[in-house]
Student: 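Just passing along the structure, written as structure tokens.
In the text below, chain A, chain B and the rest are named by the order of the sequence lines, each starting its count at 1. The analysis underlying the following values was restricted to heavy atoms, covering all of them including side chains, and did not include hydrogens, waters or symmetry mates.
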Amino acid sequence: MTDHSAPDTFAQRVLRWFDQHGRKHLPWQQNQTPYRVWVSEIMLQQTQVATVLDYYERFMARFPDVATLATAAQDEVLHLWTGLGYYSRARNLHRCAQTVVEHHQGQFPVDDVDAMCALPGIGRSTAGAIIALSTGQRATILDGNVKRVLTRYHAIEGWPAQPKIERQLWAKAEAHTPDSRVGDYTQAMMDLGATLCTRRRPTCTCCPLQMDCAAYHQGLVDQLPTPKPKKTIPERSTCMPLVTLPDGHVLLKQRPAEGIWGGLWSLPEFESSAEMHHWLAWKWATAPAQALSRVSHTFTHFKLQIHPWLAPLNVSGQPTTTEGWRWYHPQKPDSIGLAAPVKKLLESLHQPQQLSLTESE
DNA sequence: AAGGCGTGGGC
DNA sequence: TGCCCAAGCCT
């Protein structure tokens with residue numbers, strides 16, 4: 001005989017809510033193979049679902065399986081990542097595919113959390129998500145959604161990324177993870193955080209955890225999770241010449257493999273306009289370059305003021321380039337990764353009305 | 001342990 | 001405009 005007086009567990013309430021209100025039609029929820037789940041989890045790191053949708057479809061169409069990805073050129077992988085940001089994700093994704101093919105017979109080691117965590121770009125939470133979602137084996141995640149739900153449910157104060165707080169959260173997350181329906185539970189926790197337990201204006205009235213949510217009862221919902229301590233970011237400035245040929249090709253330079261925009265193609269950079277003019281005169285003997293209006297680009301840890309300059313070349317044919325340099329035609333784009341503001345600048349080249357000149361630097 | 005690492009959106 | 005954030009990982 002069933003014990004009707006037994007109270008629902010945390011997981012049971014979350015799962016019941018999921019059955020009625022959870023998301024079940026996202027592209028990566030169909031045919032949940034380790035590969036498909038993995039690609040989605042990497043794309044979704046620090047990135048919202050709405051942004052990922054188009055990237056995911058294009059990526060899966062071009063790289064339907066791990067073997068195809070493993071043999072691709074890095075330029076092409078970065079091409080399909082252009083605009084998504086955090087490009088180490090793409091570089092690690094590519095390396096990870098090669099590792100899976102070479103050392104795991106083309107199969108993700110989903111029966112071994114530690115082996116999953118050892119793969120490039122896969123940390124503890126992503127490993128848990130891939131295992132739970134693609135195999136249903138018991139595994140725990142602790143992503144931004146779960147952190148938000150748990151800091152509120154348990155009224156845990158302190159910035160969640162702080163190691164001491166994160167340890168507490170992992171313990172809670174592990175404790176709540178059920179033994180069955182782990183895949184649904186994992187998706188449910190992310191859905192709860194993404195649709196109800198949101199950063200601003202959470203919908204507590206619809207929440208299956210409201211009855212014993214500590215933050216709700218203590219009136220702390222709006223204070224949690226504790227925000228990241230803010231720091232002022234420095235500002236940098238750079239000059240970027242658009243060295244163009246009469247046929248529309250533009251000179252690009254590849255970024256170093258590591259660091260900001262690692263492996264992407266960008267415009268040449270100079271710390272000052274004097275340095276840039278010197279280089280232009282020495283290398284290309286162009287007519288005086290013309291300043292375009294400044295472009296401001298904010299990264300996580302610094303703000304960049306880009307000073308683009310128009311530097312047309314009067315030569316026929318394409319001057320030869322060396323390793324790490326190439327001529328690129330915005331109307332016949334190659335499959336290479338481009339930094340977002342560079343891509344926009346190149347697109348503005350053939351939109352004369354958007355190409356604003358300026359007298360000052 | 002704290003900082004590097006992108007971009008677009010909401011307000 | 002500026003600020004804060006959004007399914008983290010790596011060193």
Student: Quick one: I42(A) CD1 to dC9(C) C1', roughly how many Å, whole number?
Tutor: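 I42(A) atom CD1 is separated from dC9(C) atom C1' by 9 Å.
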
Student: Looking at residues at least two apart in the chain, or sitting in another chain, which of them share a side-chain hydrogen bond (donor to acceptor under 3.5 Å, both in side chains) with T177(A)?
Tutor: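 Expected list: T140(A).
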
Student: Pick the P atom in dT1(C) and in dG8(B), then give their distance to the nearest Å.
Tutor: 15 Å

Student: What residues, two or more places apart in sequence or in another chain, satisfy side-chain hydrogen bond (donor to acceptor under 3.5 Å, both in side chains) together with R148(A)?
Tutor: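 R148(A) satisfies side-chain hydrogen bond (donor to acceptor under 3.5 Å, both in side chains) with N145(A) only.
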
Student: Mind checking salt bridge (Lys or Arg N to Asp or Glu O under 4.0 Å) for R124(A) and listing every partner two or more places apart, or none if nothing turns up?
Tutor: E174(A)

Student: Not counting sequence neighbours, list each pair that qualifies as a salt bridge (charged side-chain N to carboxylate O under 4.0 Å, His left out) and has a residue in residues 101-114 of chain A.
Tutor: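 Matches after skipping sequence neighbours: none remain.
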
Student: Restricting to ring pair (Phe, Tyr, Trp, His ring centres under 6.0 Å), what partner residues turn up for H154(A), sequence neighbours left out?
Tutor: H176(A)

Student: In whole angstrom, what separates E235(A)'s CD from dC3(C)'s P?
Tutor: 11 Å

Student: Between dA7(C) and dC5(B), how far is it from one P atom to the other, in whole Å?
Tutor: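 Approximately 23 Å lies between the P atom of dA7(C) and that of dC5(B).
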
Student: Who are the ring pair (Phe, Tyr, Trp, His ring centres under 6.0 Å) partners of F108(A), not counting sequence neighbours?
Tutor: W38(A)

Student: Quick one: CE on M43(A) to CZ on R89(A), what's the gap to the nearest 0.5 Å?
Tutor: 8.0 Å

Student: Rounded to whole angstroms, how far apart are CD1 on I233(A) and C1' on dG3(B)?
Tutor: 13 Å

Student: Determine, using ring centers only, whether Y328(A) and W265(A) are less than 6.0 Å apart.
Tutor: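 No: the rings miss the under 6.0 Å criterion.
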
Student: Who pairs with T286(A) by side-chain hydrogen bond (donor to acceptor under 3.5 Å, both in side chains), at least two apart in sequence or on another chain?
Tutor: none

Student: Could you say whether S296(A) or L26(A) is positioned toward the 5' end of DNA chain C, judged by the nucleotide with the nearest heavy atom to each?
Tutor: S296(A)

Student: Which residues in residues 108-143 of chain A have a heavy atom closer than 4.0 Å to any atom of DNA chain C?
Tutor: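 DNA chain C contact set from residues 108-143 of chain A: L119(A), P120(A), G121(A), I122(A), G123(A), R124(A), S125(A), T126(A), D143(A).
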
Student: Using a strict heavy-atom distance below 4.0 Å, which residues from residues 147-169 of chain A are in contact with DNA chain C?
Tutor: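 Only R148(A) qualify.
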
Student: Can you tell me how far P of dC5(C) sits from NZ of K231(A), to the nearest Å?
Tutor: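 These atoms are roughly 13 Å apart.
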
Student: If I pick the P atom on dC4(C) and the same atom on dG3(B), what distance separates them, to the nearest angstrom?
Tutor: 16 Å

Student: Apply ring pair (Phe, Tyr, Trp, His ring centres under 6.0 Å) to F299(A) and list each qualifying residue two or more places apart in sequence or on a separate chain.
Tutor: W261(A), H297(A), F302(A)

Student: If the condition is side-chain hydrogen bond (donor to acceptor under 3.5 Å, both in side chains), which residues does N31(A) pass it with, not counting sequence neighbours?
Tutor: none

Student: I need a per-nucleotide contact map over nucleotides 4-11 of chain B, read 5' to 3'. Cutoff is protein heavy atoms under 4.0 Å; write B for the base, S for backbone only, - otherwise.
Tutor: SBBBS-SS

Student: Heavy atoms only, 4.0 Å cut-off, all strands: where does V49(A) land among base, sugar-phosphate and nothing?
Tutor: base

